2 protein chains.
Amino acid sequence: MTDTARKPRRNRKAEILDSAAQCFMERGYHATSIDDVAQRLGSTKGRVYHYYGSKTDLFFDVHRVGMQYLFDALDPALATPGNGATVLHAMLLAHATAMLDHHTYESVVAQGVQVHRFNATTPDQRQTMQDLIDSRDRFEDHFKRRIQAGIDDGSLHPTDVSVTAKVLLGGLQWSIFWYRPRASDTAETRRRLARKMVAPLMQGVHAAP
Amino acid sequence: MTDTARKPRRNRKAEILDSAAQCFMERGYHATSIDDVAQRLGSTKGRVYHYYGSKTDLFFDVHRVGMQYLFDALDPALATPGNGATVLHAMLLAHATAMLDHHTYESVVAQGVQVHRFNATTPDQRQTMQDLIDSRDRFEDHFKRRIQAGIDDGSLHPTDVSVTAKVLLGGLQWSIFWYRPRASDTAETRRRLARKMVAPLMQGVHAAP
DNA sequence: CGAAAAACATACTCATCGGTATGTTTCTGT
DNA sequence: ACAGAAACATACCGATGAGTATGTTTTTCG
């Protein structure tokens, strides 16, 4: 009769996290109340505060998991064999796919730590905040390094590395504003869309003369 | 003695608008209080509410002016002579420049009408909201049409027009997250940065074989 | 000048929301 | 079975902030 133990035990925190990510995406951090997050779970405040000490902690955890998704997707691409262009292409494709697959969490990541710049956070939260900022920087650095490597080996056009990295990533990350998953969406359809997104960035729109 | 009339009369609304745009950019719409907007002007609530009926109206007006800046910059580019690629390049450059020049207002535009989706707005505000949404759509349509024209005349690579437009615009608009004007910035330095942003989008990063 | 209107400032109201304190139920280990 | 802890629900507190009502000053105009 272990069947009566309906509720999965360890997933409760993840449920709260998912609910929070959904709410933060739809209404934004400040417009979301803890009651909103609880109500989406068919629950009340008590449950949320049993697992998370504050709204800030909840946001930071969504942000942290969102960044983890991005790194998890990027890591295999970093190990792709080939020249700079080949690796960069794999990285962009992996990133685009991750943005679509986890667009709820990534929407929250985009809101960023900036929403807490003016909050009087605890030292502990300040540390978490700094970790998240560092995490973002390290992510972008992966792209900058690979772009530079591609320019050096002649497989990429010489450009301003920093600006190019921001523009490329921005082009993919902007999808949080227009992509809304449909019921018919599958991992494969998202992957196809990701390829359409990456194509103009790699080859450019301008047809070579 | 018209000199005693120190205060410019018609600029008061614009001052409030500028202050609101700054606050909305820095802290976000919901985290900004009307007192914040007033305090930045060395003033109080009374002044703001004398010119604007509600916080929502204030936000919508910032959004409206922000879109106007974008259209004003885009219009001349639309009239550029040349093939699809030439026109698109001019459009992207104009847009990138406008994003940097008015990055305060455009940051607010990016927050979008979405922040009011859950507000019980008045019919009047609902109309304004719809106008802003339409305005955004028309803006993107300009790019989609020009990209299609470029593909038709062979000057642009064939791609998914809708996705490409969103990716290109996203690459430029993402600058609201990383661009912060320096005291040494001039119209010329911003223009140079805009060119660096547009270059990888037009020619692509991948060096042609 | 003088009266009306515009342009504010000040002082309130009231709803919302983060957080807490305190119950009540459910599980867990012995 | 039963103590204790975990997992919640409920009721409350205090601060914040949008909006308003009512002053007070300044400008405008006849």
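Reminder, nothing fancy here: chain letters follow the sequence lines and each chain counts from 1. On a predicted model such as this, the values are computed, not experimentally measured, just so you know.
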message = With no hydrogens and no angle check, just 3.5 Å: does a side-chain donor-acceptor pair link A/His63 and A/Gln111?
response =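 The answer is no; no qualifying pair exists.
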B/Asp134-B/Gln130 side chain donor-acceptor pair, cut-off 3.5 Å
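On atom types as modelled, these side chains qualify, holding a pair under 3.5 Å.
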- Query: Ignoring hydrogens and angles, are the base of C/dG18 and the side chain of A/Lys45 linked by a donor-acceptor pair under 3.5 Å?
  - Reply: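 Result: at least one qualifying N/O pair found.
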Provide, to the nearest angstrom, the distance between the [atom1] atom belonging to [X] and the [atom2] atom belonging to [N].
X: B/Arg12; N: D/dT26; atom1: CZ; atom2: C1'; answer: 12 Å
X: B/Phe118; N: C/dT16; atom1: CZ; atom2: C1'; answer: 17 Å
X: A/Tyr52; N: C/dG18; atom1: OH; atom2: P; answer: 16 Å
X: B/Tyr49; N: C/dC12; atom1: OH; atom2: P; answer: 18 Å
X: A/His50; N: C/dG18; atom1: NE2; atom2: P; answer: 20 Å
X: A/Lys55; N: D/dT16; atom1: NZ; atom2: P; answer: 15 Å
X: A/Arg47; N: D/dA6; atom1: CZ; atom2: P; answer: 17 Å
X: B/Leu58; N: D/dG17; atom1: CG; atom2: P; answer: 16 Å

| query | Can you tell which of D/dC8, C/dA9, C/dA7 lies closest to the side chain of B/Thr44? | reply |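 Among D/dC8, C/dA9, C/dA7, the one nearest the side chain of B/Thr44 is C/dA9.
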Next on the checklist: side-chain contact (heavy atoms from CB on, under 4.5 Å) for B/Asp185 and B/Tyr179? Distances and angles first, verdict last.
Outcome noted: CA-CA 11 Å; B/Asp185 274 2; B/Tyr179 174 67; 2.7 Å; yes
Check: Is the shortest side-chain N/O distance from B/Tyr51 to OP1 or OP2 of C/dC8 below 4.0 Å?
Finding: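 Yes.
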Would you indicate whether B/Arg180, at its atom CZ, is surrounded by more than 12 heavy atoms from other residues, nucleotides or ligands within a distance under 6.0 Å?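 More than 12 heavy atoms, drawn from other residues, nucleotides or ligands, come within 6.0 Å of this atom.
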### Message
Heavy-atom count check: over 12 atoms from other residues, nucleotides or ligands less than 6.0 Å from A/Lys196 NZ?
### Response
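Incorrect, the count does not exceed 12.
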request  = Please list residues of residues 33-43 of chain B whose heavy atoms come under 4.0 Å from any atom in DNA chain D, ordered by number; otherwise none.
outcome  =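 Within this stretch, B/Ser33, B/Ile34 sit under 4.0 Å of the strand.
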**Prompt:** Looking at B/Phe143, is B/Lys166 sitting on its ring face, NZ or CZ under 6.0 Å from the six-membered ring centre and within 45 degrees of the normal?
**Reply:**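 No, B/Lys166 and B/Phe143 do not form such a contact.
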Q: Look at all strands and tell whether A/Thr32 reaches a base, only sugar-phosphate, or nothing, counting heavy atoms closer than 4.0 Å.
A: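 Sugar-phosphate contact only.
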Under the side-chain contact (heavy atoms from CB on, under 4.5 Å) criterion, do A/Lys13 and A/Ile16 qualify, and how do the steps go? CA-CA 5 Å; A/Lys13 252 190 127 168; A/Ile16 295 172; 5.5 Å; no
